[in-house]
Amino acid sequence: MTAAAQARHISLVRLERAAGQAFGYEDHEPASVPRGSLTLAHSGFALATMATALAATITYFV
């Protein structure tokens, strides 16, 4: 992670925490997401995109 990306991430975390406190939510540690689930989410999105493109192509030709 580059320094600029890390700075943006830290800034967004601070902003989320401040917004949560403004609306009365308790301050807690964020849940960590396993790296594997992110990979599956991206591949699932790609698969859904390909399926949609294939369905649109078939519909166009029929």
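All residue numbers in this chain count up from 1 along the given sequence. Computation of the quantities below employed the complete heavy-atom set of this structure, encompassing side-chain atoms and omitting hydrogens, waters and symmetry-equivalent molecules.
Taking 4.5 Å as the limit, every side-chain heavy atom of L54 sits out of range of all side-chain heavy atoms of M50.
The NE2 atom of H9 lies 11.0 Å from the CZ atom of R14; values are rounded to the nearest 0.5 Å. Atom CZ in R17 sits 11.0 Å away from atom CG in L15 (nearest 0.5 Å).
At least one donor-acceptor pair closer than 3.5 Å links the side chain of T49 to the backbone N or O of F45.
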